[in-house]
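Worth knowing before you read on, the calculation uses all heavy atoms, side chains too, and leaves out hydrogens, waters and symmetry mates. If you're wondering where the values come from, they're calculated on a predicted model, not measured in any experiment.
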Amino acid sequence: MSNKNLLASAALFRALYDNNKDIYDVISEFLRAYILFNSKWAFNVSECVGGLKETFEFELPEAVVSTCLRKRLKGSGELILDKGTYSVTDKFNKQNPIQADYQLSKSDYRDIIGKLIEHLKIHSSQVIEQSKLEDAFKKYLLNEKITNDYSAHIAQFLIANQNNPGFKEKVNRIEEGLILYAGIKSTPDLATLGSWRGNLLVFLDTEHLFSAAGLNGELYKKIFDEFHNLVREVNAKRGRNGRITLKFLEETDNEVHNFFHAAEKIVEQGRKIDPSKTAMIAITNGCRWKSDIVEKKRNFERDIERLGISIEEKHDYYKNVECNVESSDTLLRLKKVFHAENGDDRIAEVLKIFTKINVLRGGESEVPLDLVGSIFLTENGRTKSIAFSEPVYSNNGAIPFATDIEFLTERIWFKLNKGFGKDGDLPISFDVITKAKLVLSSQLNRSVSDTYRDLNKKYESGEIDKENAASLVAELRSRPNSPDDMSELAAEQSIAFIENDFMERSQREKALLEQKAKDGEVAIRELKNIKYRSHKDSLRPLKRNTRILYFGLTLIFSIAIAIASFLIINYLYADNDTVLSVLLSVIPLFLTMFSFSKIHFMNKMLWRFCVSRYRSSLNKALQRTSR
């Protein structure tokens, strides 16, 4: 069978668990399926463990498999045991419906992978290798580190399809099945379910303290509250049950103090805030004075104390040198792995924390989680990577020195045997869409933070001026980098930001806009000149016609005066008048009438008439142009 069946198997596990409500019953169904799929009518426990891995990609503890074979299949008479070998009896049902259910589960998985491939073809320029993509999808759901660039696109794919009918249910079924599988894999004795046997110190990092106080947004607050409720449920159990205690180390306490001190400087000196620091924005918002920050710090400390979280008492962590993980060889190897620069002490700081965890464990990590003694809870990607790195992690089923809140929530949920009933109120961190929002938001914030640091360096070196720096910071702040705001559109924008050089692109776009603005100003001036000339040219014939009309009317009026004068003369002329006497009487009359034609009143009347005709012609011309 194919070795890529884990996700389909997990989905089927979850579906069967819905009906059976008992983990042993579900594992027994897979044992029956293994026997049928491989026609394995006789086998021993080791063969069965290997067969489950080969068929379903389930790596279950041999003790769990042995218990199921002995108590369920042998107990029901389906198998008999003789000298370490199990054999199938006539009571074994060879028409088990799990085969059809498993094929349906595989079909659902193939449908999801097909949609994922189509999504990447549209939203990614990288070459898609299906085997690597499937491996990345499996690691993504298993919370394992993905070495290629698929994780952000997988998260975007899940967010984009969250409202598609049936899609979310199918993927959540896989996710919840994996939670059950991981819990079984790490619990050799399922009889211990429902109890927490040992005392566990959980050390919270700075970000989890801020989430506990609600400074990282509503979603992170809810995730922490659900985790905290599980811790309280463990501690509320009586009898021989152990306890989980939430604390923070001295290093974390120093980080918190430095964080609030930085907030004071931002308020006092008006410094810019890294847009990726949600908690810093929440702390400084509404603060005008240093005293406002001091008051917010007091409120933060009261919130943490009310939740039962306290600082760890100081110990001598270097008495037992065997528990020290800070060797120079380990530090050198890790610096090579993570390409750390000279003077970068973050790896050394992480190893110092891991030494404290290891000392509190007594150097014993290859035990169940409830017996390990201590663990560091963090969302810092570098810290988690170091915890799983070869120089630090044994990888023999050991509990790492550091983990995230999702992992611990899942393990406590499983240990308390909470189940996944249809009416169950599951932690929000189990939801694949919530997880996708957290993953994408985390990657975006990391990219924004890196960009902000580069921007500051370029500003200090004079590569960009104050105006450009302020513009770029404002654009960074406009990014919806909180998981609370991670919509489908925001997810698409986040991918574009992560995959592109923000500052180079922004500077290029700014230069392009400035050039367009310059070109636009020239074009506007030229267009105005063209319009002015065109308008002037269109008015020239109208003005010429108006002048012709005016002079024509003036001439007609003058001729009319002349004719009127002639008629008057002819009327006044008598036979006995001499020419001289007629001229002496007519010339003054003619001059009087001619001068009358030139008076201001008549000119004004003629001009008004011509202007009226000009305006009428102009309106008609404009109406024709607008059509």
Side-chain angles (χ1 to χ4, degrees), residues 142-145 182-183 185-187 196-209 227 231 242-255 309 311-338 340 344-412 415 442:
L142 285 167
N143 293 321
E144 295 179 5
K145 183 177 177 59
K185 187 179 175 182
S186 62
T187 310
W196 190 271
R197 294 170 294 172
N199 294 322
L200 177 66
L201 287 173
V202 178
F203 294 100
L204 308 177
D205 74 348
T206 305
E207 289 304 315
H208 283 305
L209 292 179
F227 163 73
V231 170
R243 289 184 60 82
I244 299 175
T245 305
L246 303 181
K247 287 184 171 290
F248 55 94
L249 294 166
E250 182 183 4
E251 290 83 355
T252 303
D253 189 45
N254 292 335
E255 276 188 19
I309 305 169
I311 189 169
E312 170 72 347
E313 295 177 2
K314 292 185 178 180
H315 300 283
D316 183 1
Y317 293 100
Y318 295 96
K319 278 185 179 180
N320 187 352
V321 294
E322 293 180 358
C323 294
N324 190 336
V325 298
E326 301 172 59
S327 70
S328 57
D329 178 61
T330 299
L331 182 60
L332 184 62
R333 289 169 66 189
L334 286 172
K335 284 189 173 182
K336 287 181 179 179
V337 170
F338 294 102
D344 186 352
D345 297 326
R346 284 175 293 180
I347 294 177
E349 292 168 359
V350 170
L351 290 179
K352 185 178 180 180
I353 291 173
F354 287 176
T355 291
K356 293 182 177 183
I357 299 297
N358 200 32
V359 167
L360 293 170
R361 290 182 177 184
E364 185 61 65
S365 294
E366 295 182 14
V367 293
L369 178 64
D370 57 339
L371 299 177
V372 78
S374 68
I375 197 165
F376 186 59
L377 198 65
T378 182
E379 292 303 314
N380 184 279
R382 172 65 64 87
T383 304
K384 288 189 288 184
S385 296
I386 294 173
F388 283 96
S389 63
E390 185 181 346
V392 175
Y393 186 56
S394 65
N395 201 25
N396 293 321
I399 304 297
F401 294 132
T403 189
D404 53 45
I405 196 168
E406 290 83 10
F407 170 86
L408 207 51
T409 300
E410 290 172 5
R411 290 297 184 273
I412 297 174
K415 279 294 294 178
S442 175

Test log, rule side chain to side chain contact (heavy atoms under 4.5 Å, CB included), inputs Ile244 and Val202: CA-CA 7 Å; Ile244 299 175; Val202 178; 3.7 Å; yes

Report the residues that fulfil side chain to side chain contact (heavy atoms under 4.5 Å, CB included) with Glu251, sequence neighbours left out, ordered by chain and then residue number.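 Counting only residues at least two positions away or on another chain, Glu251 forms a side chain to side chain contact (heavy atoms under 4.5 Å, CB included) with Leu249, Lys352, Ile353, Lys356.
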
Among all residues two or more places apart in sequence or in another chain, which pass the side chain to side chain contact (heavy atoms under 4.5 Å, CB included) test with Leu142? Leu6, Lys138, Glu144, Leu178

Close side-chain approach of [X] and [Y], heavy atoms under 4.5 Å:
{"X": "Glu250", "Y": "Glu312", "result": "no"}
{"X": "Asn324", "Y": "Val359", "result": "no"}
{"X": "Ile347", "Y": "Lys335", "result": "yes"}
{"X": "Ile309", "Y": "Leu204", "result": "yes"}
{"X": "Thr378", "Y": "Phe203", "result": "no"}
{"X": "Ile386", "Y": "Val392", "result": "yes"}
{"X": "Leu200", "Y": "Val372", "result": "yes"}

How many angstroms lie between atom NZ of Lys384 and atom CG of Asn143, to the nearest 0.5 angstrom? 8.0 Å

Between CG on residue Leu201 and OG1 on residue Thr245, distance to nearest 0.5 Å: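 So the CG of Leu201 and the OG1 of Thr245 are separated by 5.5 Å.
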
Who are the side-chain hydrogen bond (donor to acceptor under 3.5 Å, both in side chains) partners of [X], not counting sequence neighbours?
{"X": "Thr206", "result": "Glu255"}
{"X": "Arg197", "result": "Asp370"}
{"X": "Ser327", "result": "Thr330"}
{"X": "Lys247", "result": "Ser310"}

Tabulate below the donor-acceptor pairs under 3.5 Å that side-chain atoms of residues 360-369 make, not counting sequence neighbours, or state none.
{"from": "Arg361", "atom 1": "NE", "to": "Ser374", "atom 2": "O", "distance (Å)": "2.8"}
{"from": "Arg361", "atom 1": "NH1", "to": "Ser365", "atom 2": "OG", "distance (Å)": "2.9"}
{"from": "Arg361", "atom 1": "NH1", "to": "Ile399", "atom 2": "O", "distance (Å)": "2.7"}
{"from": "Arg361", "atom 1": "NH2", "to": "Ser374", "atom 2": "O", "distance (Å)": "3.1"}
{"from": "Arg361", "atom 1": "NH2", "to": "Pro400", "atom 2": "O", "distance (Å)": "2.7"}
{"from": "Glu364", "atom 1": "OE2", "to": "Glu366", "atom 2": "N", "distance (Å)": "3.4"}

Qualifying salt bridge (charged side-chain N to carboxylate O under 4.0 Å, His left out) pairs, either residue in residues 319-330, two or more places apart: Asp329-Arg333

Between Tyr317 (side chain) and Cys323 (backbone), is there a donor-acceptor pair under 3.5 Å?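 Such a contact is absent between Tyr317 side chain and Cys323 backbone.
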
Would you check if the side chain of Thr252 reaches a backbone N or O of Phe248 as a donor-acceptor pair within less than 3.5 Å? no

Smallest separation among heavy atoms of [X] and [Y], with atom names:
{"X": "Leu334", "Y": "Pro391", "value": "CD2-CG, 4.0 Å"}
{"X": "Ser385", "Y": "Phe338", "value": "CB-CE2, 3.6 Å"}
{"X": "Gly183", "Y": "Ser186", "value": "O-OG, 3.1 Å"}

Would you be so kind as to tabulate the donor-acceptor pairs closer than 3.5 Å made by side chains of residues 403-411, with sequence neighbours excluded?
{"from": "Asp404", "atom 1": "OD1", "to": "Glu406", "atom 2": "N", "distance (Å)": "3.3"}
{"from": "Asp404", "atom 1": "OD1", "to": "Phe407", "atom 2": "N", "distance (Å)": "2.8"}
{"from": "Thr409", "atom 1": "OG1", "to": "Ile405", "atom 2": "O", "distance (Å)": "2.7"}

Ring pair (Phe, Tyr, Trp, His ring centres under 6.0 Å) contacts touching residues 354-379 (sequence neighbours left out):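 Residue pairs with at least one partner in residues 354-379: Phe354-Phe401.
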
Applying ring-ring contact (aromatic ring centres under 6.0 Å, His included), name anything that partners Tyr318, two or more places apart in sequence or on another chain.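 ring-ring contact (aromatic ring centres under 6.0 Å, His included) list for Tyr318, sorted by chain: empty.
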
